[in-house]
Amino acid sequence: MSAEHSESSAAAPPAPTDFIRDLVAQDVATQRYAKIITRFPPEPNGYLHIGHAKSICLNFGIARENNGQCNLRFDDTNPAKEEVEYVDSIATDVRWLIAGWADHCLGFKPKGAHPVAVTSNGRPDFHRAAVPPSTPSDQLPTASAEPFFASDYFDQLYEYALTLIRKGKAYVCDLSPADTDKYRGAPDQPGRDSPFRNRTVAENLDLFQRMKAGEFPNAARSLRAKINMTAPNLWLRDPLLYRIRHVPHHHAGDKWCIYPLYDYAHCLSDYLEGITHSICTLEFVDHRALYDWVLESLDLPRALPHQYEFAKLHIGYTIVSKRKLLQLVTEKVVSGWDDPRMPTLSGLRRRGISASALRTFVTSVGVTKFDSVTEVAVFENAVRNDLNPVAQRRLAVLKPIKLILTNIAADETIECDATNNPQDENSTTRKVALTREVLIESDDFAEVPPPKYFRLKPGGEVRLKYACIIRCDEVVKDASGRVTELRCTADLTTRAGGPNVDRKVKGTVHWVSATQSIAAEVRLYDRLFNVAEPGAEEDFLKVVNPHSLEVVTARLEPYLAPAKLEDRFQFERLGYFSLDAKDSAPGRLVFNRTITLKDTWAKK
RNA sequence: UGCCCGAUUGUGUAAUGGUAGCACAAACGACUCUGACUCGUUUUGUCUAGGUUCGACUCCUAGUCGGGCAGCCA
């Protein structure tokens, strides 16, 4: 993806503020940490979506505003759900989103590196630092650098578990999953101690080592934190730390058959990387006590990270749930994770939306603890604002109707100057050919016009953009009564440079020459869902918009033939378009409609 | 009925005891060779009830409403 135009064309917007940045600012002021380090920690079990963009911009934004660093870390502690395909797509998407903005803050580690034993404050410690900040960010990842992986910490995590056991803070439990559930109690009902809760340290050590050695089948035993089975906070009722899972891991290989759970692995991964501010979404508020318990129980030598929570991004008419997005893919409602109708970063990118538009949008919605739903209009506004100043204007007709200019000879070509971008005062122009046979949008003609219709009607006049005013003299129909062509006369005195160039008519329409234009496939996307909150639906698949994709064969001015993937166009009066990255090829143009123009007439 | 989080205009967000502001949306108007852009004008708000205070969106108390939590998922 090319030009990050928003950075060059406008002064940097004021740095956003929110309650998390305020807390970071306090920590900076009190010099609580030597350097602010955040992290973006997706589980590689799906593609990144627009909700992740909010988290990425928050974490990288805080890093860049404080001369800090933000690590990309794969939270890959559940091999059953994770795949390398997702690892690769996530790394690509993150780098695309932050390119030219915060890539100098991106923390990667030396390839294959694990935590190393160090001495911190005079005590033994483990640490996994990023590659030196001197490494040019645009060279990451390199053959020698890669993102962080929680699975690279399995050795240390295991050591920490041994420590917890020795301190009497963890025990091996033989309860079945069903019994574990029963013993946990209920929100309004205390749990009961596991019968295995008071095993000796020696016995726990032995059993845990044998768990690791693979002596027991899946789910036969688990390692649990010994906290409080009657705690009002359910996450403190002796939560599981490790489970047995005899499956290979996409990154760690087949070395392990016990895998740590999120609450145990996440806080310690943060600690190992030297994370200072661990920012996550609201559903983890209840987990914070456990996050702190694990770190504090280990009596670690360096400053501890802290967890802060904010509200997820919800957008009207959109689904942001990895599970449901996966369902759209597997049930073939869409063509894939990168279908341009998907709210995934790869889908939005393929749709023609720039990283800067996305950043502007997710930043503009703010960061709070209020569970809100942002209207799609805000997103669409950000996309249009991003495209309007840079998109090259072109003429294209999506659903043509033929028009004969009876006073122009069949072999005549009249060259007209067309502005490439009126938003740019130094805009260049190009030539478009006016010929006897012209195509206009069928929506731009009405035999029986509604009130206040500015466009072409029998006996009416309209301007062909960049050309001249025409009058509709005759409507030609076939036997079935369908309009097949319009016979019009062109008033060539209203051309640029002509004596009547200033003559006004209410309507101006776009057009292409029927003989000097090219055909192209154009994909018109509409919202994927028909209701404002598809996620709240009992079956969200029932509210899928059946008209979310319409494919037309459009006619384009020949200037569009050499279009490149990174080019952004506005087809005048229609919307913004760009080439499809997958299906377009030289000689077979396929355009995606990124977004329509605002249309206050259509609304009426 | 346990614990936790939250509530500012249609939507999102700001105001950190001192003028309730901004963006989007909506309506109207100006401009217009894009019914776009741009510009102008306008409408609508502090969940409720008490309290503290010269003064409360902000602090306190009680309530109401909404959300989250009982995976060997993250």
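Bear in mind the structure is a predicted one, so any value in this text is a computation, not a measurement. Here is how names work: the chains are called A, B, and so on, in the same order as the sequence lines, proteins then strands, and each is numbered from 1.
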- Do the side-chain N or O atoms of R245(A) get closer than 4.0 angstrom to the phosphate oxygens (OP1, OP2) of C73(B)? yes
- Item | Separation of the P atoms in U19(B) and G55(B), to the nearest angstrom | 15 Å
- Query: If we take the P atom in both C65(B) and U1(B), what is their distance in whole Å?
  - Reply: 12 Å
Atom pairs, N/O to N/O, protein against nucleotides 14-18 of chain B, distance under 3.5 Å?
residue : atom : partner : partner atom : Å
U16(B)  : O4   : D22(A)  : OD2          : 2.3

- What distance, rounded to whole Å, do you find between the two P atoms, one in C24(B) and one in U61(B)? 39 Å
- Item | Between A14(B) and G51(B) - P atom distance, rounded Å | 30 Å
- Query: Ion pair present between E461(A) and R503(A), side-chain N to carboxylate O less than 4.0 angstrom?
  - Reply: yes
- Closest to the V365(A) side chain, choosing from G12(B), C72(B), U32(B): G12(B)
Using a cut-off of under 3.5 Å, enumerate the N/O to N/O pairs linking the protein to nucleotides 3-7 of chain B.
none

- Message: Using the side-chain heavy atoms of K598(A), tell me which of these nucleotides is nearest: U34(B), C37(B), C72(B).
- Response: C37(B)
- Item | P spacing across the pair C22(B) / A15(B), given as an integer number of angstrom | 15 Å
- Is it true that R199(A) and D174(A) make a salt bridge, defined as a side-chain N closer than 4.0 Å to a carboxylate O? yes
- Message: Within the 4.0 Å heavy-atom criterion, would you say A467(A) contacts the bases, only the backbone, or no part of the nucleic acid?
- Response: base
- Item | Between U11(B) and U52(B) - C1' atom distance, rounded Å | 34 Å
- Query: Judged by modelled atom types alone, do N500(A) and R495(A) share a side-chain donor-acceptor pair under 3.5 Å?
  - Reply: no
- Phosphate-side-chain proximity, K504(A) and C33(B), N/O vs OP1/OP2 below 4.0 Å: yes
- Task: Sequence neighbours left out, what passes salt bridge (Lys or Arg N to Asp or Glu O under 4.0 Å) with R384(A)? Give chain and number order.
- Result: none
- When you check the side-chain N and O atoms of H250(A) and E83(A), is any donor under 3.5 Å from an acceptor? no
- Item | Nearest-nucleotide pick for S372(A), side chain only, options being C33(B), C72(B), U13(B) | U13(B)
- Answer yes when E557(A) and R430(A) have at least one side-chain N-carboxylate O distance shorter than 4.0 Å, and no when they do not. yes
- Query: Is the closest side-chain donor-acceptor distance between D270(A) and Y291(A) under 3.5 Å?
  - Reply: yes
- Query: In whole Å, what is the span from the CG atom of N78(A) to the C1' atom of G71(B)?
  - Reply: 10 Å
- Item | Spacing between I315(A) atom CD1 and C24(B) atom P, to the nearest angstrom | 17 Å
- Query: Does the pair E572(A)/K465(A) count as a salt bridge with the N-to-O cut at 4.0 Å?
  - Reply: yes
- Side-chain H-bond candidate by donor/acceptor type, D75(A) with S269(A), under 3.5 Å: no
- Nearest-angstrom distance, P atom, U34(B) to U44(B): 34 Å
- Item | G6(B) versus U13(B) - spacing of their P atoms, nearest Å | 13 Å
